[in-house]
Amino acid sequence: MDVDEAVQSICDSTASLTEGCRLPVRMTGTNDWPLAEIISIKDLDESKNVYYVHYVDFNKRLDEWVTEEYLDTRKVQFPRKDGLTTGQNTGVTTPKRVIPVGERSRPASPVLPPVEIVNGSAVLAAALNKKISRKRKATSTENEDSQDVPTTPTPAQTTPQPRQSGSMVTHHDDVVTRMKNVQLIELGRHRIKPWYFAPYPQELCQMPCIYICEFCLKYRKSRKCLERHIKKCNLRHPPGNEIYRKSTISFFEIDGRKNKSYAQNLCLLAKLFLDHKTLYYDTDPFLFYVMTEYDSRGFHIVGYFSKEKESTEDYNVACILTMPPYQRKGYGKLLIEFSYELSKFEGKTGSPEKPLSDLGLLSYRSYWAQTILEILLIAKPTGDNDKPQITINEICELTSIKKEDVISTLQILNLINYYKGQYIVCINKETIDQHKKAMEKRKIRIDSKCLHWTPKDWSKRSKC
């Protein structure tokens, strides 16, 4: 028996699988078998294990626990001492094992019923799965609000993060933060399946569901505890000032210093759905703009974005999130539009803090394209010119979109052409038709007349 045969014979048993192994795994709810890496192995009983897997080249929100039936153990890549896996980046592929006549090969994994994804399943199914290359952020800290459950502080909790000028720092994953630690959350009338790790207290993470007050965002271990809390909670909307209201949509401005408890709980909740950002122990340097939808029970959180009070890089958004039950309904673009409306009131151009998540990048590119095309299409000829003329700087002034974002959007749309020694913008009929269809779908827009807000000069304030 040669070396390749020996390796392949081991692959026929799950007993030899270890953390770091890569093999084809059937993705829940599909018939696809993408390559996946085993992150963790847990014993269910003496005869059965479950495996936490990350699908290589797919977003981490699709990571999941699977049983042996989902694994194709005939094609395993074992981790090597140099950090690679067998057959990875070596230029040599392991030959397939020749199965002798009469020897029974391992049957294909059976098709199992899909696991129900609670709220946001459409988002997960339609999401862009390819990972965006991004810098990782530092381990975040958990808020120190008193809860019903006594908690054991994690190292991140006991060591407060230093105050930073931005909302992100370099971060390296460990096994714990790579795995989803919360099964379900209940927020108002929605039960939501989280996408990523968030540093909730370990005692709560062991519960089948974490119950969160939809108005103050404090978390409890059971519905009974939440019901007791609701009787005492006087909030029916986010704390802070309501600065915008049109129909049932409102925006509240929350100061991270004045409402620290709410801000920390909001960041903790958002971390369940944002992998590329982390929480800060200190929320003082940030403002939070929470979008809500009103009904007879109160103002229900739809999404939010945060921004630095003073940004040296002209960022008008630090983190931005639409809650999964409200995604794919136009609320994401409404949040983005509102952030630029604030920039217009400030008389500045702005840009979101990088890196953006894959869904965030798609939303921003779509918003930039629609907004810039809207400006170009309403431009009219001036003077003796038979064609409209507009400069990049004028587009920036009208939209408050930063110059770099305007230029990159025009390039992505292939609208910039070099003609007779100058750059011109050419828009064909197909682009115009696509734009009109997209704008017809944007039924909810920000009305600047409904925004009652005065920008503050935080640099002149000794205490922010």
Working for side chain to side chain contact (heavy atoms under 4.5 Å, CB included), residues E293 and Y331: CA-CA 11 Å; E293 195 172 56; Y331 290 117; 2.6 Å; yes
Audit row: R178, Y196, side-chain hydrogen bond (donor to acceptor under 3.5 Å, both in side chains) steps and yes/no: CA-CA 8 Å; R178 289 185 70 184; Y196 306 110; over 6 Å; no
Verdict with reasoning, Y326 to H190, per ring pair (Phe, Tyr, Trp, His ring centres under 6.0 Å): CA-CA 10 Å; Y326 297 95; H190 300 289; 5.6 Å; yes
Criterion side-chain hydrogen bond (donor to acceptor under 3.5 Å, both in side chains) on H300 and E214, from CA distance to verdict: CA-CA 7 Å; H300 310 283; E214 61 178 328; 2.8 Å; yes
E374 vs R445, salt bridge (charged side-chain N to carboxylate O under 4.0 Å, His left out): CA-CA, chis, key distance, verdict: CA-CA 14 Å; E374 201 171 22; R445 300 291 299 272; 3.7 Å; yes
Derivation and outcome, side chain to side chain contact (heavy atoms under 4.5 Å, CB included), residues E186 and I212: CA-CA 6 Å; E186 185 170 296; I212 300 175; over 6 Å; no
Residues T28, E64; criterion side-chain hydrogen bond (donor to acceptor under 3.5 Å, both in side chains); working and verdict: CA-CA 8 Å; T28 300; E64 59 183 342; 2.6 Å; yes
Salt bridge (charged side-chain N to carboxylate O under 4.0 Å, His left out) assessment of K221 paired with E203: CA-CA 8 Å; K221 65 179 180 179; E203 292 83 353; over 6 Å; no
Steps toward salt bridge (charged side-chain N to carboxylate O under 4.0 Å, His left out) verdict (D255, K260): CA-CA 8 Å; D255 189 322; K260 185 170 294 188; over 6 Å; no
Intermediate values then yes/no, side chain to side chain contact (heavy atoms under 4.5 Å, CB included), R191 and C209: CA-CA 9 Å; R191 275 203 162 196; C209 182; 4.0 Å; yes
side-chain hydrogen bond (donor to acceptor under 3.5 Å, both in side chains) assessment of K333 paired with S363: CA-CA 7 Å; K333 282 195 180 70; S363 296; 5.9 Å; no
Residue pair L335, L321: steps toward the side chain to side chain contact (heavy atoms under 4.5 Å, CB included) verdict: CA-CA 8 Å; L335 279 167; L321 172 70; over 6 Å; no
Verdict with supporting geometry, F252 and H237, ring pair (Phe, Tyr, Trp, His ring centres under 6.0 Å): CA-CA 9 Å; F252 291 82; H237 59 77; 5.2 Å; yes
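Under the 30°/60° scheme for interplanar angles, the aromatic rings of Y367 and Y340 are found to lie parallel. Aromatic ring pairs are classed by plane angle as parallel below 30°, tilted from 30° to 60° and perpendicular above 60°; the pair F251 and F338 is parallel. A parallel orientation is assigned to the rings of Y289 and F305, their planes being inclined by less than 30° (bins at 30° and 60°).
Atom CD of Q264 is separated from atom CG of D282 by 8.5 Å, given to the nearest 0.5 angstrom. Rounding to the nearest 0.5 angstrom, the gap separating the OG1 atom in T248 from the CZ atom in F299 is 10.0 Å. For the atom pair D314 CG and T349 OG1, the distance stands at 5.5 Å (nearest 0.5 Å). D275 CG to R61 CZ: the interatomic distance, rounded to the nearest 0.5 Å, is 9.5 Å. For the atom pair D405 CG and I412 CD1, the distance stands at 9.5 Å (nearest 0.5 Å). Here CG of L356 is found 8.5 Å from CD1 of I320. Values are rounded to the nearest 0.5 Å.
Listed for the K224 side chain is no donor-acceptor partner under 3.5 Å among the backbone atoms of E227. Panel note: side chain Q327, backbone T322; a donor-acceptor pair is recorded below 3.5 Å. A side-chain donor-acceptor contact under 3.5 Å links R26 to the backbone of T30. Of the possible donor and acceptor atoms, one in the side chain of T283 sits under 3.5 Å from a partner among the backbone N and O of G256. Between the side chain of D295 and the backbone N or O of R297 there is at least one donor-acceptor pair closer than 3.5 Å.
Just one residue in the list K429, K436, K437, H435 forms a side-chain hydrogen bond (donor to acceptor under 3.5 Å, both in side chains) with D433, and that residue is K429. Considering T73, V76, D72 as possible partners of P24, the one that fulfils the side chain to side chain contact (heavy atoms under 4.5 Å, CB included) test is D72.
Taking the side chain as every heavy atom from C-beta outward, Y55 and K60 never approach each other to under 4.5 Å. Taking 4.5 Å as the limit, some side-chain heavy atom of R22 sits within range of a side-chain heavy atom of V56. Looking only at side-chain heavy atoms (C-beta outward), T67 and N49 stay at 4.5 Å or farther from each other. Annotation: side chain of C213 is in contact with side chain of L226 (closest heavy-atom distance under 4.5 Å). At least one side-chain heavy atom of R220 sits under 4.5 Å from a side-chain heavy atom of K218. Counting only heavy atoms from C-beta outward, the side chains of I372 and V406 approach each other to under 4.5 Å. Residues V66 and L71 are in side-chain contact: their nearest non-hydrogen atoms beyond the backbone lie under 4.5 Å apart. Contact of the C216 side chain with the N265 side chain is not registered, since no non-hydrogen atoms from C-beta on lie closer than 4.5 Å.
The heavy-atom pair separating M179 from S40 by the smallest distance is SD-CB, 3.6 Å. The minimum heavy-atom distance between Y304 and C319, with the atom names listed, is OH-CB, 3.7 Å. The minimum heavy-atom distance linking P239 with Y262 is given by the pair CD-CD1, 3.5 Å. The shortest non-hydrogen separation linking A263 to F288 is CB-CE1, 3.5 Å. For the pair P238 and I254, the tightest heavy-atom approach, listed with the atom from each and the gap, is CB-CD1, 4.0 Å. Across all non-hydrogen atoms, the minimal contact from L268 to A198 is O-CB, 3.9 Å.
In this structure, a donor-acceptor pair under 3.5 Å is absent between the side chains of S311 and E313. In this model, no donor atom of one side chain and acceptor atom of the other lie less than 3.5 Å apart for Y51 and E68. Looking only at atom types and distance, the side chain of Y294 has no donor-acceptor partner in the side chain of R236 under 3.5 Å away.
For the pair K180 and W195, the cation-pi test (distance below 6.0 Å, angle within 45°) is failed.
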